[in-house]
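Contents: one structure, followed by commentary.
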Amino acid sequence: MTVMSYIQAITAALREEMIRDEKVFILGEDVGVKGGVFRATDGLYEEFGEERVLDTPLAESAIAGVGIGAAMYGLRPVAEMQFADFILPAVNQIISEAAKIRYRSNNDWNVPITIRAPYGGGVHGALYHSQSLESIFANQPGLKIVMPSTPYDAKGLLKAAIRDNDPVLFFEHKRAYRLLKADIPEEDYVIPIGKADIKREGSDITIITYGLCIHFALQAAEKLAEEGIDAHILDLRTVYPLDQEAIITAAKKTGKVLLITEDNKEGSIIGEVAAIIAENCLFDLDAPIMRLAGPDVPAMPYSPPMEKYFMVNPDKVEKAMRELAEF
Amino acid sequence: MTVMSYIQAITAALREEMIRDEKVFILGEDVGVKGGVFRATDGLYEEFGEERVLDTPLAESAIAGVGIGAAMYGLRPVAEMQFADFILPAVNQIISEAAKIRYRSNNDWNVPITIRAPYGGGVHGALYHSQSLESIFANQPGLKIVMPSTPYDAKGLLKAAIRDNDPVLFFEHKRAYRLLKADIPEEDYVIPIGKADIKREGSDITIITYGLCIHFALQAAEKLAEEGIDAHILDLRTVYPLDQEAIITAAKKTGKVLLITEDNKEGSIIGEVAAIIAENCLFDLDAPIMRLAGPDVPAMPYSPPMEKYFMVNPDKVEKAMRELAEF
Amino acid sequence: MPNNRHDALGLSDAEVLEIYRTMLLARKIDERMWLLNRSGKIPFVISCQGQEAAQVGASFALNRQTDYVAPYYRDLGVVLAFGMTAKDLMLSAFAKAEDPNSGGRQMPGHFGQKKNRILTGSSPVTTQVPHAVGVALAGKMEKKEFVSFVTLGEGSSNQGDFHEGLNFAGVHKLPVITMVENNNYAISVPFEKQIGSENVSIRAKSYGMFGETIDGNDPLAVYEAVKQARERAINGEGPSLIEVITYRLTAHSSDDDDRTYRKKGEVDEAKKKDSIITFATYLRDVNVLTSEIEEALNNEINIIVNEATDYAENAPYAAPEDALKHVYEM
Amino acid sequence: MPNNRHDALGLSDAEVLEIYRTMLLARKIDERMWLLNRSGKIPFVISCQGQEAAQVGASFALNRQTDYVAPYYRDLGVVLAFGMTAKDLMLSAFAKAEDPNSGGRQMPGHFGQKKNRILTGSSPVTTQVPHAVGVALAGKMEKKEFVSFVTLGEGSSNQGDFHEGLNFAGVHKLPVITMVENNNYAISVPFEKQIGSENVSIRAKSYGMFGETIDGNDPLAVYEAVKQARERAINGEGPSLIEVITYRLTAHSSDDDDRTYRKKGEVDEAKKKDSIITFATYLRDVNVLTSEIEEALNNEINIIVNEATDYAENAPYAAPEDALKHVYEM
Ligand SMILES: Cc1ncc(C[n+]2csc(CCOP(=O)(O)OP(=O)(O)O)c2C)c(N)n1
Ligand SMILES: Cc1ncc(C[n+]2csc(CCOP(=O)(O)OP(=O)(O)O)c2C)c(N)n1
Ligand SMILES: [Mg+2]
Ligand SMILES: [Mg+2]
């Protein structure tokens with residue numbers, strides 16, 4: 001076991017996969033000499049050389065598109081979008097191409113690409129360095145979207161993404177990068193994509209969320225436990241396609257469900273989660289399905305009071321959990 | 001009153017708004033001399049000249065971006081995306097720019113642009129000429145997304161979109177273009193954006209949908225009426241932001257809800273509709289919230305048997321309605 | 001005695017005949033598809049007509065055993081040269097299960113066949129440019145000796161992906177050849193309303209790569225240009241942008257009526273330069289195409305197209321529920 | 001007697017002094033922001049340092065009463081020349097409610113002010129290029145006599161929006177001037193890993209527009225180039241692409257450490273050509289900048305920057321729930 005931060009776990013996963021399989025290579029803006037603006041690729045340029053850790057021109061559609069081409073050929077590119085917000089110029093390549101290539105070619109071609117992107121707020125990043133962009137892609141069969149909440153999950157899921165023979169969007173919470181640390185096993189492990197994970201067993205209320213909000217929920221749960229409220233916390237981990245079975249089981253378990261995302265509310269991932277529950281276990285519910293999310297404004301502002309107002313945090317989560325428990 | 005097809009209603013709305021306000025102009029691929037590949041802008045080039053009906057280069061991000069610039073200046077561009085599927089290269093301009101300009105400038109600048117795009121399947125259009133793309137944009141505050149189901153609505157809503165001081169995505173069902181005809185009043189009228197519309201009053205089951213599926217539901221409802229099943233049909237019309245009040249009222253009315261979209265199921269608009277209902281009127285429901293949608297595959301295939309398998313149609317709707325009524 | 005141009009290019013008589021045969025086969029398949037469309041048997045056609053010389057001339061300059069191609073929807077000539085058969089193409093036109101491009105999932109003109117190194121294509125234009133660059137990058141990384149070849153229309157060269165893809169190739173000096181088939185129209189929009197520059201090949205300068213404009217009705221000229229481009233690419237001298245001047249002899253597609261935006265006179269004029277005619281004339285002049293050969297060729301192609309049509313028409317569709325297959329690896 | 005270059009350009013002594021004053025003000029505001037950042041008072045700075053000459057030289061060649069500008073994040077010099085004040089900029093740095101750019105919603109460097117015709121900018125690079133083209137199109141349609149002026153970094157000239165926007169301007173011969181501020185780096189990536197061509201201005205050829213590369217440390221040279229570009233634009237001769245060679249004297253932003261990817265020697269070398277120094281030397285040489293004027297100027301700017309800082313530091317934030325305002329028109 002080694003203690004690693006979330007970002008160290010990412011770097012370690014990249015490094016180990018590059019050693020394991022020489023088809024794996026990295027491309028993106030500033031990923032080479034600089035080691036990434038967050039230093040996620042720190043040291044890899046020195047270790048693997050320029051050919052496998054490629055500083056690309058400032059052009060996201062090319063980063064995705066060139067990666068897709070290389071992946072069709074048989075390599076395993078790991079493309080970095082410097083911030084998730086800047087994935088938008090690459091949407092056509094990701095949705096029209098990566099997501100549809102296996103299907104449209106009737107299984108003749110496939111695209112084993114991983115696209116990593118730091119997302120999320122609470123970092124004074126303002127409108128364009130704080131967004132959660134998963135819901136833009138969460139209606140595109142052919143894609144998988146992974147959003148790990150812990151260093152352990154980050155490492156195991158990134159390895160799974162790189163080994164996956166289909167395109168995976170891998171969103172890393174940038175506030176988690178240095179905030180979260182955990183014990184990581186020395187030996188190689190992989191966490192299956194598509195499976196949600198119970199982060200806390202409980203019997204009174206069910207919280208379903210992902211990313212940083214998992215930690216807000218865990219913190220709030222500890223507090224509420226003192227009051228005798230026992231929370232069950234499910235980490236979606238893969239937000240597309242969703243693990244329906246795990247969602248249904250978790251909802252049924254307590255009959256009271258709180259869904260949380262730091263994204264804007266309307267049209268976010270948790271709407272689909274609510275729909276799955278309402279479709280499959282409506283009569284197991286003892287309370288309306290509650291949602292806690294950012295307000296429906298374009299993205300969070302820069303000024304600290306407004307940013308704080310927008311962001312989900314442990315206090316807001318605690319309040320919502322208590323409200324649900326008391327319903 | 002004049003009988004007009006859906007596409008004639010679109011053309012008429014464009015023409016009348018161009019006459020009413022000289023700030024209105026059209027830009028897009030093949031919209032000028034050719035009058036559009038679907039002929040939505042037929043005759044406008046001849047009537048208003050090249051400056052107001054502009055054939056642009058083949059570059060959707062420029063069509064959107066140049067339109068946004070002209071709109072910031074104070075004009076009212078109506079940009080055409082030749083097929084909704086080809087809006088994807090313009091996603092960055094639409095989401096990062098159009099949607100956020102009022103907010104990010106603290107109300108100093110705004111973008112009165114309308115972006116029209118033909119969408120939808122059942123036209124042998126295969127993967128890239130059949131898609132429903134609304135859910136990609138339906139998590140972006142600052143945008144409005146309108147999807148009219150009838151010629152009457154199309155005309156009134158397009159006029160409202162053009163007069164709106166914020167960006168509006170206006171998706172027109174391409175199978176509706178020549179299939180649907182209706183009486184249209186001679187005089188100017190506008191239909192408010194953001195309001196759903198009851199297309200059929202009923203008391204047994206509630207159907208909530210939009211676009212072409214409204215007609216599938218209406219057809220099925222007539223059949224089921226003979227068996228004594230009385231369907232209430234709500235047309236969302238604006239799919240983002242949703243008309244929550246109308247949705248809640250419609251769901252409460254019968255306590256049995258069927259949501260329909262021709263999009264893929266997971267992550268589609270109707271997930272959010274389900275979430276709104278599950279959040280606000282769970283205890284008014286007598287049945288799980290049912291969803292009917294396309295299967296979760298990238299997009300509908302070209303070959304007729306597979307296309308038909310994918311598409312929602314009156315038979316599938318009737319079956320789902322009956323199942324719900326019998327619950 | 002007319003000038004034998006193909007000798008000088010190192011092309012044998014058999015090879016130029018094969019070029020002609022491939023052009024003619026492409027034309028005949030295309031013509032048949034229009035007939036099938038007009039008689040209601042297939043819903044859609046998009047044509048190569050007028051661009052065969054460039055497509056086939058270029059393909060023969062490539063290594064058809066090792067190079068990768070990322071063709072666009074008009075490139076019937078390219079995919080035939082790279083090993084797709086008339087039957088494969090007809091299966092695609094009829095959207096049948098056996099269609100190697102997509103199993104009937106995509107419209108005709110959306111090529112793809114891994115065994116022949118034909119990358120799968122989509123409808124949104126120009127996305128294939130970065131893909132070809134990516135294949136070239138992979139080849140360079142693995143020190144393989146192949147090039148990738150990508151085509152698109154002149155209108156499509158205005159998309160952001162053209163700029164981003166070619167700049168990437170230019171910076172990394174990748175072995176990729178981009179051929180723009182300039183047929184003077186993007187659906188109804190003529191060149192001068194489409195492109196700010198005098199021609200497309202000048203855009204090579206933006207990426208520090210070699211660029212030139214070639215007569216696309218002359219398969220030998222295109223052959224020569226692509227041959228040289230391939231040599232440069234293999235020698236590590238980087239990518240090339242080749243513009244071929246062609247003309248679209250049909251409407252944009254079976255859904256288009258071109259009479260609203262171009263004059264018949266213009267089309268008639270272009271037909272005089274039709275490479276199917278002019279190249280045949282050249283081959284007759286240099287005594288490569290005799291009337292016996294020509295007759296045999298026409299007969300052979302007729303049979304091929306008939307058989308392909310019959311086979312495809314009678315082939316089964318994929319089962320409806322096959323629509324659910326191959327979203328992810330199983 | 002040293003050569004008086006500004007006379008020949010039709011610039012009065014007062015005007016060149018005003019250019020210098022604006023450059024200096026930009027520099028001093030920028031330096032103050034770094035101090036505020038390093039002392040933990042503001043979370044973020046992104047600098048104009050090293051690019052002031054180009055920014056201010058260009059702005060003075062425009063009509064600052066009628067023209068529209070779409071600046072990028074380094075363009076402190078442009079927005080000052082177009083009427084934004086030191087106080088406005090400090091309000092933005094402190095993210096206070098009164099910030100005219102965004103009411104504290106955006107990071108500093110995201111300029112926008114309608115009353116001064118400064119289009120609102122975002123973080124994703126290059127999106128402003130089509131916007132400026134759209135403004136120019138609107139001006140042409142309404143037969144107004146103004147131009148639009150848009151800037152970006154050299155790295156950003158690789159985005160698809162650069163290509164799509166400039167081609168649109170080229171086809172329609174729109175009155176838009178694009179100035180690429182080439183400071184040789186896009187964060188850590190140097191020019192040669194970024195751009196396939198020898199320089200950026202050659203990309204003008206792709207759009208049939210005028211292009212040239214100018215010494216960005218020389219405000220008079222930039223003034224002249226932009227003045228001519230504006231005349232061409234107003235005369236209907238279409239758009240121009242001007243590349244100015246500058247250098248980024250600071251790290252990319254306050255979040256960056258440039259020591260990992262560039263040598264100190266390189267930065268020191270560039271500092272010798274710093275326009276704040278070299279242009280002052282010129283102005284002294286031609287007796288426009290006397291030591292009295294210089295002292296007065298420094299004092300004045302000091303006071304301005306101090307007052308702006310104090311004001312902004314003490315100004316209120318927007319109320320938390322103001323985050324809900326202005327999503328749509330009310
Ligand atoms: C991104 C995108 N936008 C629009 C279209 C619709 N469309 C199909 S072909 C075409 C014209 C292409 O013209 P050009 O590139 O010159 O090729 P040509 O058809 O002339 O060979 C258009 C606009 C598309 N397929 N993709
Ligand atoms: C679309 C997009 N991708 C990535 C970024 C992150 N980013 C911000 S500035 C920058 C470098 C810009 O370089 P250049 O255009 O040369 O301008 P400079 O900062 O050197 O003035 C990058 C990569 C961004 N803002 N937008
Ligand atoms: Mg063309
Ligand atoms: Mg730079």
Side-chain angles (χ1 to χ4, degrees), chain A residues 22-23 25 27 49-52 54-77 79 89-90 92-113 140-144 164-168 193-194 241, chain C residues 68 70 97-106 110-115 117-124 126-142 144 148 150 159-161 163-172 174 176 318 322-323 325-330:
Chain A
E22 61 176 24
K23 302 268 179 204
F25 76 103
L27 75 169
E50 188 177 352
E51 288 234 318
R52 291 183 68 196
L54 205 70
D55 275 327
T56 65
L58 174 38
E60 285 76 10
S61 189
I63 294 171
V66 171
I68 290 166
M72 278 200 270
Y73 174 82
L75 301 188
R76 297 193 165 270
N92 191 38
Q93 281 290 348
I94 296 170
I95 294 181
S96 298
E97 302 299 321
K100 295 185 173 64
I101 279 176
R102 183 186 291 280
Y103 190 78
R104 80 179 184 218
S105 69
N106 204 27
N107 215 27
D108 197 25
W109 291 95
N110 68 307
V111 184
I113 193 174
Q140 300 301 331
L143 286 184
K144 299 174 183 175
D164 200 288
N165 286 325
D166 288 304
V168 178
I193 293 176
Chain C
Y68 282 71
E98 229 188 304
D99 156 33
N101 298 279
S102 76
R105 291 171 172 201
Q106 294 216 77
H110 291 60
F111 305 114
Q113 195 174 30
K114 195 169 187 176
K115 74 168 186 194
R117 297 166 321 290
I118 300 168
L119 299 189
T120 170
S122 62
S123 306
T126 324
T127 51
Q128 70 275 21
V129 172
H131 300 172
V133 175
V135 169
L137 176 70
K140 189 181 173 196
M141 284 171 64
E142 302 217 319
K144 296 275 168 63
S148 69
V150 59
Q159 287 279 335
D161 270 1
H163 183 64
E164 298 195 8
L166 264 55
N167 182 57
F168 196 113
V171 167
H172 292 284
L174 299 179
V176 53
D322 282 356
K325 286 185 180 161
H326 310 313
V327 179
Y328 301 101
E329 187 181 39
M330 263 306 141

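Just so it is clear: chains get the letters A, B, ... in the order the sequence lines come, proteins before strands, and each one is counted from 1. All of these numbers come straight from a predicted model, not from anything done at the bench.
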Problem - Interface moiety of A/Glu22 toward chain C, non-hydrogen atoms closer than 4.5 Å - result: neither
Problem - Per-residue contact mode, A/Asn110 against chain C (heavy atom under 4.5 angstrom) - result: side chain
Problem - A/Glu97 portion near chain C, given a 4.5 angstrom heavy-atom threshold - result: side chain
Fill in the blank from the handout: Honestly, the part of A/Leu143 sitting under 4.5 Å from a heavy atom of chain C is backbone
Problem - Residue C/Leu174 versus chain A: region with a heavy atom under 4.5 Å - result: neither
Exercise for the section: Answer with side chain, backbone, both or neither: which region of A/Asp166 has an atom nearer than 4.5 Å to a non-hydrogen atom of chain C? Expected result: side chain
Practice task
Answer yes or no: are there more than 12 heavy-atom neighbours, outside C/Glu329 itself, under 6.0 Å from its atom CD?
Solution key: yes
Practice task
Heavy-atom distances under 4.5 Å only: say whether C/Val135 touches chain A with side chain, backbone, both or neither.
Solution key: both
Exercise for the section: May I ask you to name which of C/Ser102, C/Gly103, C/Ala70 has the most heavy-atom pairs under 4.5 Å with chain A? Expected result: C/Ser102
Handout entry: Segment of C/Leu119 engaging chain A (4.5 angstrom heavy-atom cut-off)
Key = both
Exercise for the section: Compare all side-chain heavy atoms of A/Ile68 with those of A/Trp109 and state whether any distance is below 4.5 angstrom. Expected result: no
Fill in the blank from the handout: With chain A, the option among C/Asn101, C/Val133, C/Thr127 that has the most non-hydrogen atom pairs under 4.5 Å is C/Thr127
Exercise for the section: Against chain A, work out which of C/Asp161, C/Val171, C/Val129 has the most heavy-atom pairs shorter than 4.5 Å and name it. Expected result: C/Asp161
Handout entry: Portion of A/Lys23 that has a non-hydrogen atom of chain C nearer than 4.5 angstrom
Key = side chain
Practice task
Can you tell which part of C/His163 gets under 4.5 Å to a heavy atom of chain A, answering side chain, backbone, both or neither?
Solution key: neither
Completion exercise
Scored by heavy-atom pairs under 4.5 Å with chain A, the best of C/His110, C/Lys140, C/Gln113 is C/Gln113
